[in-house]
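Working notes for the structure below.
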Amino acid sequence: MPEATEDDADEEMPLSLRLSIADTLTLGNATCGFMAVYFTTTGILIPHLSGDESGMARNSAATAVILMLCAAVFDLFDGLVARKLRSSPMGAELDNLSDLISFGLAPAYFVLVYGMVARDAHERVAAVGAIVVLLAVVLRLARFSCVTLPDGTFQGMPSPFGALTVVSIVLLELPFVATLLAIIGTAWLMVSRVEYPKPRGPLAVAMLAWIVSAMGLLAAWAFDAPGGQLLLQTGCALQLVLGAVIPLFATARRVNNFRDNRREARATQLP
C-alpha cells in the first residue's frame, strides 16, 4: 500500500483545523459587522417604521457603531497575529470578505437607514450615498488585492478608517446636504491614490487607544451621561479632522519627496 503523502493529509484535514488564530480573529470581524447591521435594523429602522421610538434608537445606534469599532479591533489584531504566527491560505480572502461586511455593508446600511429616519433627509438620495460608500469599499478592497505597494503604506483611506469616518459624519447630525457631501468625499478618499501609513508599532497602539476612547464616548452618549452629546460630537469632529488632515500631510510628503528627487537628479547632472 502506498504511504499517504502530506498533501493528502492536508486535503483530508477538517476546515476547522486549517483555520489559524488570525483567521479566527478575521471571522470575529465579520460577525461584528453582521451584528451591526442587525442592531441598526432592529433598534433603529423597525421602531421607526412601527412608530415606536421609545429611546431604543440611541442605544442601538451606539451599539451598532461600537460593533464596527470592535470589527476594527479584530482587523487590527488579525494582521498583527498573522505576521507573528501564521495565516492559512484563505487568510487574505477571508480578510477582504470580512472587511466588506464590516466596513462596506454595515456603514452603507447605516447611511441608508439614516436617510429613512432623519427628519431633513431624503431617502432616495441617501440610498445613492450608501451605494457610493459600498462600491468605494468594494473597489478599494479589489485594488488592494491586485496592487503591490511599498511596505508600510496603503493606497487610499483604509476601509476601517473610512467606515468610522462615515458613521461619524452621520452621528454629527449635520444638515443633509453637508452630510451627503462629506460621505461622498470620504468614499472618494477610499478609492484615491493618497498614501496612508499602516497601523504598526506606536501607530497601532494609538489607533487602539482611539478606538477604546470612541467606545467610551458612544457609551456615555447612549446612556445619556452629562455632557455625553457634546463628547460624542467632539469625538466625531476629531475623526473628520483626522480624515481630512492625513491626506494633506501625505500629499505634502509626496511633494517634498518629488522635490528632493529632482534636486538629487540635478546634482548628479552637474559636472
Side-chain angles (χ1 to χ4, degrees), residues 26-75 94 96-138 140-141 159-174 176 179-180 182-184 186-187 190 211 214-224 228-229 232-233 235-236 239:
T26 303
L27 293 177
N29 171 7
T31 302
C32 289
F34 174 78
M35 293 305 296
V37 173
Y38 169 79
F39 277 99
T40 303
T41 302
T42 59
I44 303 176
L45 181 58
I46 292 179
H48 172 75
L49 295 177
S50 62
D52 180 21
E53 301 182 42
S54 56
M56 284 293 294
R58 175 177 289 196
N59 292 337
S60 297
T63 302
V65 179
I66 287 174
L67 284 166
M68 293 183 212
L69 290 167
C70 291
V73 173
F74 279 118
D75 185 63
L94 284 175
N96 279 347
L97 292 171
S98 298
D99 286 354
L100 179 58
I101 296 172
S102 299
F103 311 124
L105 176 62
Y109 186 70
F110 198 80
V111 172
L112 178 64
V113 173
Y114 153 75
M116 299 175 69
V117 304
R119 294 181 179 177
D120 65 335
H122 301 277
E123 181 178 340
R124 294 183 180 180
V125 181
V128 173
I131 292 172
V132 170
V133 171
L134 179 63
L135 294 182
V137 175
V138 170
R140 195 207 175 284
L141 293 174
S159 53
F161 194 86
L164 298 181
T165 304
V166 167
V167 296
S168 296
I169 294 168
V170 174
L171 292 176
L172 270 176
E173 298 181 352
L174 300 171
F176 177 73
T179 298
L180 185 66
I183 288 172
I184 293 175
T186 303
M190 284 193 279
I211 290 174
M215 289 180 180
L217 295 178
L218 285 162
W221 174 67
F223 290 103
D224 202 16
Q229 180 72 24
L232 178 70
Q233 291 179 345
C236 291
Q239 177 73 27

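This chain uses plain numbering: 1 for the first residue, then up along the sequence.
Here the straight-line distance linking atom CE of Met35 with atom OG1 of Thr42 works out to 8.0 Å at 0.5 Å rounding. The distance from atom SG of Cys70 to atom CD1 of Ile211, rounded to the nearest 0.5 Å, is 9.0 Å. Separation of atoms CE (Met116) and CD1 (Ile44) is listed at 11.5 Å; rounding is to 0.5 Å. Summarising the geometry, atom CH2 belonging to Trp221 is positioned 8.5 Å from atom CG belonging to Asn59; distances are rounded to the nearest 0.5 Å. Summarising the geometry, atom CZ belonging to Phe34 is positioned 11.5 Å from atom CG belonging to Leu67; distances are rounded to the nearest 0.5 Å. To the nearest 0.5 Å, the span separating CG on Asp75 from SG on Cys32 amounts to 11.0 Å.
Of all non-hydrogen atoms in Ser159 and Val137, the two that sit nearest each other are CB-CG1, 4.2 Å. Taking all atoms of both residues into account, the shortest heavy-atom contact from Ala187 to Val132 is CB-CG1, 3.6 Å. Summarising the geometry of Asp224 relative to Arg58, their closest heavy-atom pair is OD1-NH1, 3.4 Å, with the distance given to 0.1 Å. Between Leu180 and Gly129, the shortest heavy-atom contact is CD1-CA, 3.9 Å. Heavy atoms only, all atoms of each residue included: Met68 and Ser102 are closest at CG-O, 4.2 Å. Closest approach of Met190 and Arg140 over heavy atoms only: O-CG, 3.1 Å.
Remark: the backbone N or O of Val166 is not paired with any side-chain donor or acceptor of Thr186 at under 3.5 angstrom. Formation of a donor-acceptor pair under 3.5 Å by the Ser60 side chain with backbone atoms of Ala57 is not found in this model. Between the Thr179 side chain and the Leu174 main chain, a donor and an acceptor come within less than 3.5 Å of each other.
Annotation: side chain of Phe74 is not in contact with side chain of Thr31 (no heavy-atom distance under 4.5 Å). Considering only heavy atoms from C-beta on, Val170 comes within 4.5 Å of Ile183 through its side chain. Annotation: side chain of Gln239 is in contact with side chain of Phe161 (closest heavy-atom distance under 4.5 Å). Counting only heavy atoms from C-beta outward, the side chains of Thr40 and Leu45 never approach each other to under 4.5 Å. Taking the side chain as every heavy atom from C-beta outward, Leu134 and Leu100 approach each other to under 4.5 Å. Under the 4.5 Å side-chain criterion, counting only non-hydrogen atoms from C-beta, Val73 is not in contact with Leu69.
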Criterion side chain to side chain contact (heavy atoms under 4.5 Å, CB included) on Phe103 and Leu141, from CA distance to verdict: CA-CA 10 Å; Phe103 311 124; Leu141 293 174; over 6 Å; no
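Between Phe176 and Tyr114, the angle of the ring planes stays under 30°, which puts this pair in the parallel group of the 30/60° scheme.
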